[in-house]
Amino acid sequence: QVDAIRGKWRGSPGAGIMIVVSRALGEGEPKDIYAAGPGTFYHDLLEILGARNACGQMKIKYPKISRESLLRLNPDVIIDLLTDMDTRKGDIEGAKRDWDNMTELAAVKNHRVCIITGSYAVVPGPRFVKLVEKIGETVNADK
C-alpha cells in the first residue's frame, strides 16, 4: 500500500509541508506550536510521498516553532494533528479559525491547512498507511 503512494506529491518543491504535532487551541492564531522535524516517522512519511518537510533542516526532532519561524518557513501545506480534540476544550471549526488569522502563510492563503483528528495519526504502526493516504489526499487535493 505504501509503494502505491510513494512519490505521489504533486506540489512544488518549494516551502514544503509542515506537520504540527502539538499546539494550543483557541488563541486566535496558533501558539506553542511543535512540528515534526528530521528523524521522526512524520519526516519519513513525507519522504515516502516525495514531499519536503518544511522543518526538515531543523536540528531537533520536534522543534518549537515561533510565529516568526512559522512566517519564515511559510509552508505550502500544514497538517495539524489534533488527535485529542475529544478531551480538549475546543472544536474543529475553532481550530481551523486559528489558522485563518495567519493570512501571510501560503498554506492559509491557498486553503491548504488540514486538521487530522484520528488517533491513527500519532502512533506509528499498522495504521501508518492510513495516515500516509490521508496526507497524500490532502496535499494533492485541488486548491
Side-chain angles (χ1 to χ4, degrees), residues 1-58 60-65 67 69-143:
Q1 289 173 310
V2 170
D3 284 341
I5 299 165
R6 193 174 302 282
K8 295 282 184 171
W9 165 243
R10 293 189 305 260
S12 69
I17 300 171
M18 182 168 65
I19 298 180
V20 176
V21 297
S22 177
R23 72 173 177 92
L25 290 178
E27 301 290 329
E29 68 180 45
K31 292 189 173 129
D32 298 326
I33 298 170
Y34 288 86
T40 64
F41 85 99
Y42 299 110
H43 184 84
D44 296 344
L45 177 151
L46 293 175
E47 284 185 343
I48 287 169
L49 288 170
R52 192 176 77 69
N53 183 350
C55 298
Q57 300 302 313
M58 303 266 179
I60 57 177
K61 289 184 177 186
Y62 295 98
K64 184 173 183 180
I65 307 296
R67 185 178 202 290
S69 293
L70 183 59
L71 293 171
R72 184 176 35 78
L73 291 168
N74 195 20
D76 296 316
V77 176
I78 296 170
I79 306 294
D80 193 359
L81 305 178
L82 296 174
T83 58
D84 58 350
M85 282 299 288
D86 54 341
T87 60
R88 287 177 149 197
K89 292 181 180 176
D91 60 81
I92 297 297
E93 291 308 312
K96 288 179 183 177
R97 279 192 303 274
D98 286 347
W99 289 109
D100 289 344
N101 291 326
M102 302 228 31
T103 57
E104 309 95 331
L105 296 176
V108 174
K109 276 190 259 188
N110 296 315
H111 308 286
R112 306 284 288 191
V113 176
C114 175
I115 295 177
I116 297 177
T117 59
S119 63
Y120 65 89
V122 292
V123 180
R127 297 183 301 168
F128 176 76
V129 172
K130 185 174 180 179
L131 181 59
V132 173
E133 289 172 342
K134 178 67 175 171
I135 292 177
E137 290 167 11
T138 298
V139 300
N140 290 313
D142 291 335
K143 295 178 182 166

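Quantities reported herein were computed from a predicted structural model and do not represent experimental measurements.
Counting all heavy atoms, side chain and backbone alike, Pro38 lies closest to Lys61 at O-CG, 3.4 Å. Between Gly37 and Thr40, the shortest heavy-atom distance links the atoms O-OG1, 2.9 Å. Between Gly16 and Ala54, the shortest heavy-atom distance links the atoms C-CB, 4.3 Å.
Of the inter-residue distances, the one linking Leu131 atom CG with Leu45 atom CG reads 5.0 Å to the nearest 0.5 angstrom. Distance check, rounded to the nearest 0.5 Å: NZ of Lys109 to CD of Glu104 gives 8.0 Å. To the nearest 0.5 angstrom, Ile48 atom CD1 is 10.5 Å from Phe41 atom CZ. With values rounded to the nearest 0.5 angstrom, Leu70 atom CG is found 4.5 Å from Leu105 atom CG. From Met58, atom CE reaches atom NE2 of His43 across 12.5 Å, with rounding to the nearest 0.5 Å. Going from atom CD1 of Ile19 over to atom CD1 of Ile116 covers 8.0 Å, rounded to the nearest 0.5 Å.
In this structure, the side chains of Ile79 and Ile17 come closer than 4.5 Å at one or more pairs of heavy atoms. Taking 4.5 Å as the limit, every side-chain heavy atom of Arg112 sits out of range of all side-chain heavy atoms of Pro75. Between Lys64 and Asp32 the shortest side-chain heavy-atom distance falls below 4.5 Å. Cys114 has its side chain out of reach of Val77: every pair of non-hydrogen atoms, C-beta onward, lies at least 4.5 Å apart. Side-chain contact between Arg23 and Ile65: absent, with no pair of heavy atoms (C-beta onward) separated by less than 4.5 Å. Side-chain contact between Lys31 and Asp98 is absent, with no heavy atoms from C-beta onward closer than 4.5 Å.
Looking only at distances, no side-chain donor or acceptor of Asn53 sits under 3.5 Å from a matching main-chain atom of Leu46. Without hydrogens or angle criteria, Tyr42 side chain to Val20 main chain gives no donor-acceptor distance under 3.5 Å.
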